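Worksheet: the structure to be examined is printed underneath.
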Amino acid sequence: MWKGRFQTETSNLVQRYGESISYDWRLYAYDIEGSIAHAAALVDAGILTKAEEKAIIRGLREIKREIEAGEFRFKTSLEDVHMNIERALTEKIGAPGAKLHTARSRNDQVALDIRLYCRAESQAIFQRLTTLQNALLTLAINHPEAVVPGYTHLQRGQPVLFAHHLLAYLEMLERDKQRIRDCYQRINVMPLGSGALAGSTIVLNRKIVAEKLGFPALTQNSMDAVSDRDFVAELLFVIAMAGVHLSRLSEDVILWATAEFGFIELSDAHTTGSSLMPQKKNPDVAELTRGKTGRLIGNLVSLLTTIKGLPMTYNRDLQEDKEPLFDSIDQIKLALEVFAEMMAAAKIRENRTLEATSDPFLLATDLADYLVLKGVPFRDAHEVMGKLTAYSLTEKRNFPDLTLEEYKQFSRAFEPDLFKVLDLKTALKARKAIGAPSPANVGSQITRWQKRLHAASAM
Ligand code: ARG
């Protein structure tokens, strides 16, 4: 492509080192779409005739068909997807093909291709986030009365509805969706026409290109446009954050699936056995997701590190944006899909969750609150309940089995109605401030999510 200035061929080693066709071939459909829009602007500027444009479109469509049929031979010597397609086009249709690159550089071309790719993939990720939300919501709806201990420090804290725990993940995934939607606005800006870095003396109507490709806005600085990868970094962050959420869900699932917790039974289809220990049923999907999150975070850091030292404007370093981007997108889409499938097929073992939640110590705070309502300052009530917990442990008798007289030794504020507090249903029902897990609240949250997910399936 640059044969004019050079006397010797690029060394084989350099070709192997610098090629990106082995991975950026995936951008072919966007590259072709972008070239068709660019051709329209060239017609408008009087560089191409209508007939030449037609030939270009026909040639590009043929190339697309060949690629999709597996008949196209990508050449490493042609470095990347842009040059492979352009060369093939010129071989097919001659002169019009050789005119296509007028007033365009691979620098603005690749910026456009990545934006088109990120645009499509953001939608795909958004939809999969919704699918997982729906799977978790269905699980909540199917177990409206299941209770679990809520944990802090992985120590049993207070009782909650299992649905409340699941809905916490819907909130996290909803924030991921908000972030994608927000990031999309900065992806959705059209860079073509920026040329290598300074536009072109052949002036194109960039609005034609933007309109053809459905971009609502144009980049406003040609130097920024060819070197900006902020939108890629943002998308990688959004993906890493969603990955972190999935990783935390993975950790919950892994714990729940242990014999010690036993809260959940994953289906055979979503677990694996051990080659050595015949009794094992391993939650590999969750473990892999937790593991792959390291990659998602790594990909974000990798791109930020690539960008941080770059002088203006385009530098070849930027070719290193694609592999982390492709990897994160592939991985998060798969992770979201497999998680939705796995959670939809999971069984909740309500007898086990109830057993764990029947630990009377989970209501120690409720008894402290009881004392507060009898006029005891909270700090004193907290101390009383701490001492009662120690007493109950040495006596080896649970809260419901202690007598009123014993309670009174710790605080005179205790009365016979204290025993009513020691009921799981009462305890849950009482937690009715906004955001708290009373059954009525959780019920209306479920309704809210049903409406919301039903109304907003597209981004
Ligand atoms: N393959 C290159 C990339 O991915 C395309 C742009 C190359 N531009 C250049 N001037 N060498 O970044």
Side-chain angles (χ1 to χ4, degrees), residues 1-6 9-10 15 18-117 190-213 215 222 225-226 314 319 322:
M1 293 281 172
W2 43 74
K3 54 183 191 271
R5 180 181 183 318
F6 288 75
E9 290 279 311
T10 316
Q15 285 185 26
E19 65 84 22
S20 54
I21 189 62
S22 57
Y23 49 89
D24 71 8
W25 68 269
R26 298 168 47 145
L27 297 173
Y28 74 89
Y30 304 112
D31 199 70
I32 287 171
E33 206 188 334
S35 284
I36 290 175
H38 181 62
L42 289 174
V43 172
D44 174 76
I47 304 292
L48 290 179
T49 64
K50 267 280 176 199
E52 286 171 323
E53 182 196 25
K54 257 191 151 166
I56 287 172
I57 295 173
R58 187 175 36 78
L60 287 173
R61 294 218 167 117
E62 217 172 287
I63 290 168
K64 189 172 177 196
R65 255 199 318 279
E66 286 167 18
I67 294 174
E68 282 164 4
E71 290 159 8
F72 191 90
R73 247 176 47 87
F74 289 110
K75 297 195 189 93
T76 307
S77 59
L78 291 171
E79 209 174 281
D80 58 24
V81 65
H82 324 295
M83 297 212 286
N84 267 276
I85 290 178
E86 188 188 324
R87 171 68 64 84
L89 179 68
T90 307
E91 277 166 9
K92 265 186 204 304
I93 66 166
K99 289 184 181 177
L100 179 62
H101 210 53
T102 311
R104 183 173 73 171
S105 152
R106 278 187 295 155
N107 298 353
D108 57 348
Q109 189 176 0
V110 72
L112 174 67
D113 292 6
I114 305 171
R115 283 175 185 272
L116 288 168
Y117 168 77
M190 210 292 293
L192 207 68
S194 303
L197 79 156
S200 170
T201 55
I202 295 164
V203 180
L204 301 185
N205 183 349
R206 299 180 61 208
K207 287 186 181 154
I208 293 176
V209 180
E211 198 169 307
K212 277 206 162 275
L213 297 173
F215 282 99
S222 60
V226 294
Y314 178 86
Q319 182 166 297
K322 282 169 218 61

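Position 1 is the first residue of the sequence; numbering continues from there. Note: hydrogens, waters and symmetry copies are ignored here, and every other heavy atom, side chains too, is used. Keep in mind that what you see is a predicted model, and the values were worked out from it rather than measured.
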Q) If you measure from OG1 on Thr76 to CD1 on Ile21, what distance do you get to the nearest 0.5 Å? A) 8.0 Å

Q: Indicate the atoms forming the closest heavy-atom contact of Gln319 with Gly18, along with that distance.
A: NE2-O, 2.8 Å

Q | Whether Asp24 side chain and Val81 backbone form a donor-acceptor pair below 3.5 Å | A | yes

(Q) Ignoring hydrogens, what is the shortest heavy-atom contact between Val226 and Ser194? Give both atom names and the distance. (A) CG1-CB, 4.0 Å

Q: Enter the distance from Leu213:CG to Ile208:CD1 here, rounded to the nearest 0.5 Å.
A: 11.5 Å

Q | Min side-chain heavy-atom separation Ser20-Lys322 under 4.5 Å | A | no

Q. Taking atom CG of Leu192 and atom CG of Leu204, what is their separation to the nearest 0.5 Å?
A. 8.0 Å

Q: Quick one: list whatever passes side-chain hydrogen bond (donor to acceptor under 3.5 Å, both in side chains) with Ser105, sequence neighbours left out.
A: none

Q) If you take all heavy atoms of Gly195 and Asp108, which pair is closest and at what distance? A) N-OD2, 2.8 Å

(Q) My understanding is that only residues two or more places apart in sequence, or in another chain, count here; which of them pass side-chain hydrogen bond (donor to acceptor under 3.5 Å, both in side chains) with Ser77? (A) none

(Q) Test of understanding: with side-chain hydrogen bond (donor to acceptor under 3.5 Å, both in side chains), list the residues that count as partners of Glu19, not counting sequence neighbours. (A) Ser22

Q: Go through the structure and list residues passing side-chain contact (heavy atoms from CB on, under 4.5 Å) with Glu79, not counting sequence neighbours.
A: Trp2, Met83, Arg106, Arg316

**Q.** Arg26 atom CZ: more than 12 heavy-atom contacts under 6.0 Å
**A.** yes

Q | Lys54 NZ to Ile57 CD1 distance, which is reported to the nearest 0.5 Å | A | 9.0 Å

Q.
To the nearest 0.5 Å, what is the distance between NZ on Lys99 and CG on Leu89?
A. 13.0 Å

Would you mind writing out the side-chain donor-acceptor pairs for residues 62-75 within the sub-3.5 Å range, not counting sequence neighbours?
from, atom 1, to, atom 2, distance (Å)
Glu62, OE2, Lys92, NZ, 3.2
Glu66, OE2, Lys92, NZ, 2.6
Glu68, OE2, Tyr28, OH, 2.7

Can you list, pair by pair, the side-chain donor-acceptor contacts under 3.5 Å of residues 30-47, counting residues two or more places apart and other chains?
from, atom 1, to, atom 2, distance (Å)
Asp31, OD1, His82, ND1, 2.8
Asp31, OD1, Gln109, NE2, 3.1
Asp31, OD2, Gln109, NE2, 3.3
Ser35, OG, Asp31, O, 3.2
Ser35, OG, Arg104, NH1, 2.9
Ser35, OG, Arg104, NH2, 3.4
His38, NE2, Leu100, O, 3.2
His38, NE2, Thr102, O, 2.9

Q. Counting N and O atoms only, with roles assigned by atom type, does the side chain of Ser222 sit under 3.5 Å from a partner on the main chain of Leu197, one being a donor and the other an acceptor?
A. yes

